[in-house]
Every structure is written in structure tokens, then in C-alpha cells.
**Q** 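Encoded as C-alpha cells, here's the structure I'll be asking about.
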2 protein chains.
Amino acid sequence: MLLISAVNAILRQLSANQSMSEVKHNTLEPLGSLSMTDRVENILREYFKENGLIPGDSLPNEMEISQKLNVGRNVVREALSRLRMLGMIETRPRRGMIMAQPDLLAGIEKVLNPLLLSQDNLKDIFELRLILEMGISEFLFARKTDKNLNELEAVVSKQKDAVVVSREEEVAFHGKLYEMTGNDTFKRFQNLLMPVFEHVFTEYYNKGIHHNIPNPVTHHDLFICLKQGTPDEFRKAMYKHLEVYFDTITGR
Amino acid sequence: MLLISAVNAILRQLSANQSMSEVKHNTLEPLGSLSMTDRVENILREYFKENGLIPGDSLPNEMEISQKLNVGRNVVREALSRLRMLGMIETRPRRGMIMAQPDLLAGIEKVLNPLLLSQDNLKDIFELRLILEMGISEFLFARKTDKNLNELEAVVSKQKDAVVVSREEEVAFHGKLYEMTGNDTFKRFQNLLMPVFEHVFTEYYNKGIHHNIPNPVTHHDLFICLKQGTPDEFRKAMYKHLEVYFDTITGR
DNA sequence: TTAATAAATTTGTCCTACAAATGAAATTAA
DNA sequence: TTAATTTCATTTGTAGGACAAATTTATTAA
């Protein structure tokens, strides 16, 4: 029933493939030749949008879908399995499937394997972190509270004025900053990027292209600046703090 | 063969579930009870990492995996289907499966349906765009070229000093900026965020909370600033340009 | 009317089967 | 012997059947 409104579009999409077995190897297929599973996945996602489904809405059962689309239940299940992975749908035993709130970062999370990503992607992620760190000033100052600042102080007090801090301390400090933006997605996103960032930089650093930064800005300096300064001052300090990284992008 | 090194760990993980049919409803299962497909998906991703597989490496075939893991081929195929969607693996007919370079943003792309995302997620995305726009200055100035600037000029020349520009012009201008960062992932990421950003803002705007910005900074102003100014000046101009959005986050 | 029981529905899992595709092997021709 | 062609074997993609578990719904009993 639920699928009725989409049947026409679906049939249109599938009709070209109905007599697949005869033509598949005759027609010169475009590079992006899609499997049935790919197509069903796309059809379902479009169907969700077209029909304005929202979390909680129930979906037709697997058999109904597979019959309407004229594909095997296996194909439908593979497509649904993908959507389930992304958090778009949930199945409650016997109650059938319902729409859910997808996890925005689930897809990226699973894919963040430095060995698999292209060099370009790795470089992009490296830079993305720098962009983000430079962009959070306004949010930090708009949302800093005494409580937040005290917690941040607790983090930096362990590091004193150290120029070189451990990986854990680095993550603790910047992680706390991300948290203070009040943006959970941003925080999670940054935390995902961090290991990749380090992976890229270590690789780069091991190539022996080092620069000594004259007057390094420590975490403690940043803290003071966040407490007493302005967004612009903080950003300038952050730039200084990250200068060794920024140096890598200007080709120096 | 390829799976041998992982078999022990795998068996350990699966052994608790071998006699599933008898115990499933007796033992109080933790909330995050995983399906076989979920577990196989995790096992495979771990296996990729543990064994340091890189793009091009070939994988065991489906039967081998399903036998080694002692699950049905369907379960294995559902897990593989997920990984294929993320671009982690590819299958070449008859040659079997090989590792591939995953598409970093494929997962997010599929999930960006404003009707499904939580209000929190939508707000986060909205803010993320602002963070990114504020963070790109250094990259723009590091990578601007005469060619780039000319292309940007072509975009703004169509808009003159207009304060209100169409959706297309908005996308064209800012999209060009993202492009000029020289970071393809960033550009793609921003372009994904844009529609969501607009969706959130329109919703917000329709609630009638408007502010007149005294001296609006136009796209043309930004262009001039990028051409002749400094990163800091450009960022200040960008803040002004986006002020109507920033106003929404300070609770005004 | 309420409680207990039976039936029906739907997902998760396993299994079998087979077409298509293609690399490898075998066979044939020069 | 070598080259070309044919045959064979392997692996994925797809279809479809079967059944257990779980839970909603319907039915029956008190």
C-alpha cells in the first residue's frame, strides 16, 4: 500500500532492466552500471524523501517490497541492511521496520582507515582539521562558561607551560575545546579526524622537514586567551599554536 | 588462507553465539545486541585493519568467508554489501573481491535527509558551515591564483553589489570559494551541507525573527577583500557577511 | 469481562540453484 | 612447438524455499 505512489517511478526505473538477462552483455553499459541492490537502495532512499517519511513511520515489509519491485527478497535485504547500518531504518522484531534517525557520522567512522584512504583524502582531512580549529573562535567565546573554563583549566594545569605534550594531553585539550563549542557533531567529527591527522603528520614529520617555531603558543597560553581575550586574539594564538602544521601547506 | 590469522579471534567472537538458538531468549542481552550481519561487518573491517590490507589486495571469496566464520552466505553478503556501498571493497566479476579506496563522504551523503535528521544534528550542521566559512581564510590566501580570482570575479560580476542574491548565486559564489581552498573533500563536504543549511535557516527565518544588518558585506566586497586584503580582514568581512546567521547562535 | 491460549505475521538465518562473466586449462590447427 | 580457439571451472548476483524466534492479534475458556 505504502509503495503505491512510488510504483510508477519504480517501474520506470526497473523496466529497462526487466529483460536484463538478454541484453546485459549486448548493450555497452555505462561505467557506473548498478547492481539490483544499488538500485533498490537508491529507490528506497528516494521513496523516503518523496513520501516525506519521518522517524517512527513504518515501512512495508520485505516481501511486499520485493514483490512490488519485482526483485528477490535477498536483494531487498541487502539494500535494507545498508540503510540499517546508516541508522536510517530500524527493525523491531515482529513489529516490522520503521524509519529512524540516521547517525550522521556512522558512514565516515567506518571508513576512516588510513591505509585505505587515498593520499588526497588524507591530505584533505589534515587540512580540514586546521580549517575547523581556525573557525571555532566565535563559538567558543559565545558559549564559554565558568564551568567550562574551569574544566579546561584542569586540563591545562597538568601540562603547565610544556611546549611538547603527549598525544593524550593533546587530545584532551583540543577535545575539550571542541566540547566547549556546544556542538556535539563537531566534537565527534573532530575526534574522528584526529587520528588521521596524526597519521598524516607523523608520516610527514618523519620525512625530516622540521621547522623550529620561535615563540610557541602553549595550551596554557590558549587557555588564558580564551578566558581573557577576544575571538580574534584567540584565533591568532591558535594559528601560532598550529603554525608547524600550517607550514606544511604553504609548501615551505 | 588469507583469513587464517584472524580465525582465532573470530572464533572467539562467534563461539558465544554458536548455540544461539537455545540461549538467545534466555540470556538478558545487552541493548546493543548485534545481528550476525553487524558482527560480520565489524569482523571484516577489523580484519582489514589488523592485516594491513591496502587497495588492490584481494579478499577471500564469499563461500570461504562464510565457512570460516560459520555463518550463511547471505549474512556475509549483507555485510559485504554494506562495505561495497562505502566503497571499501569492489567486486570484479569472476576475479573476486578486492580492497578499494572508500569514498569518504558516501555515507554522509546518503543520510542527509532533513526530514530524518534530529533537530540537534540539523543545528550542528548549520553551525558547522559557519565554522568552516570562518576557517578557510588562510587556505584561500595561500592558494589563490590569478586564474582563480578571475573565475571568482566572473561569478560576482553577475551579482554586482546586490545584497540579496538568488540561491543559485549564493551557491555559485561560496562554492567557488570552497573550490579555491584546493581541498576537494572540503568542497564536496560543504556542498553537501549547503542544502541542509538552507533548510534550517529557512525554517528559522520563517519564524519571523529577523534583523536588519546595517552595512551588509556583499559577495563583491568579499571578492575585493580576497584580492587585496589579508586573511584576517577577509575573515572579518566574512563574519559580517554571515552575521545574520551568527545572530541566530547567540540567542538574540 | 477478563485471562489464557492459539494462530498469524515478519524478521533473521540457512540452504539450494542457476545464469553471467571470465580466467585458466585443454585442445586443435599451423 | 606455438598460436588460436574451445571448453571448463570459479565466483558473484539473483531468485526462491524453509524454518525458528518473537510478538501481535484472534480465539477460546472461565
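First the proteins, then the strands, lettered A, B, ... as listed; each starts at 1. What you see below is based on every heavy atom in this structure, not just the backbone, and it leaves out hydrogens, waters and symmetry mates.
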**Q** Any side-chain to backbone donor/acceptor pair from B:E50 onto B:Y47? Under 3.5 Å, distance only.
**A** no
**Q** Can you tell which of D:dG13, D:dT14, C:dC15 lies closest to the side chain of B:N74?
**A** C:dC15
**Q** Without decimals, in angstroms, what is the distance between A:D38 CG and D:dG13 C1'?
**A** 11 Å
**Q** I want to check one thing: is the phosphate of C:dT13, taken as OP1 and OP2, less than 4.0 Å away from some side-chain N or O of B:R39?
**A** no
**Q** Tell me the interatomic distance from B:E90, atom CD, to D:dG13, atom C1', rounded to whole angstroms.
**A** 16 Å
**Q** Find the distance B:E78:CD to D:dA15:C1' and express it as a whole number of Å.
**A** 15 Å
**Q** With B:R73, which of B:E78, B:E64, B:E62 fulfils salt bridge (Lys or Arg N to Asp or Glu O under 4.0 Å)?
**A** B:E62
**Q** Check every atom of D:dG13, C:dG12, D:dA15 against the side chain of A:R77 and return the nucleotide holding the closest atom.
**A** C:dG12
**Q** Give a yes/no on whether any side-chain N or O of A:T37 is located under 4.0 angstrom from OP1 or OP2 of D:dT14.
**A** yes
**Q** I need the CE-C1' distance between B:M36 and C:dT11, as an integer number of Å.
**A** 15 Å
**Q** Round to a whole Å and report the spacing from CE of A:M63 to P of C:dG12.
**A** 15 Å
**Q** Measure CD/B:E62 against C1'/C:dC18 and give the value in whole Å, please.
**A** 15 Å
**Q** Looking at side-chain heavy atoms only, is the closest gap between A:D120 and B:D184 below 4.5 Å?
**A** no
**Q** Just by distance, with hydrogens left out, do A:H174 and A:E133 show a side-chain donor and acceptor under 3.5 Å apart?
**A** yes
**Q** Just call it for B:M97: base, sugar-phosphate, or nothing, with non-hydrogen atoms closer than 4.0 Å on any strand.
**A** sugar-phosphate
**Q** Can you tell me the distance, in whole Å, between the CZ atom of B:R84 and the P atom of D:dT11?
**A** 15 Å
**Q** Please work out if A:N61 contacts a base, only the sugar-phosphate, or nothing of the nucleic acid, heavy-atom cut-off 4.0 Å.
**A** sugar-phosphate
**Q** Give a yes or no on whether the backbone of A:I54 and the side-chain of A:D57 come within a donor-acceptor separation of less than 3.5 Å.
**A** yes
**Q** At less than 3.5 Å, do the side-chain atoms of B:R73 and the base atoms of D:dG13 form a donor-acceptor pair?
**A** yes
**Q** Starting at atom CZ of A:R92, determine the distance to atom C1' of C:dT11, rounded to an integer number of angstrom.
**A** 14 Å
**Q** At less than 4.0 Å, is any side-chain N or O atom of B:T91 found next to OP1 or OP2 of D:dT11? Yes or no.
**A** no
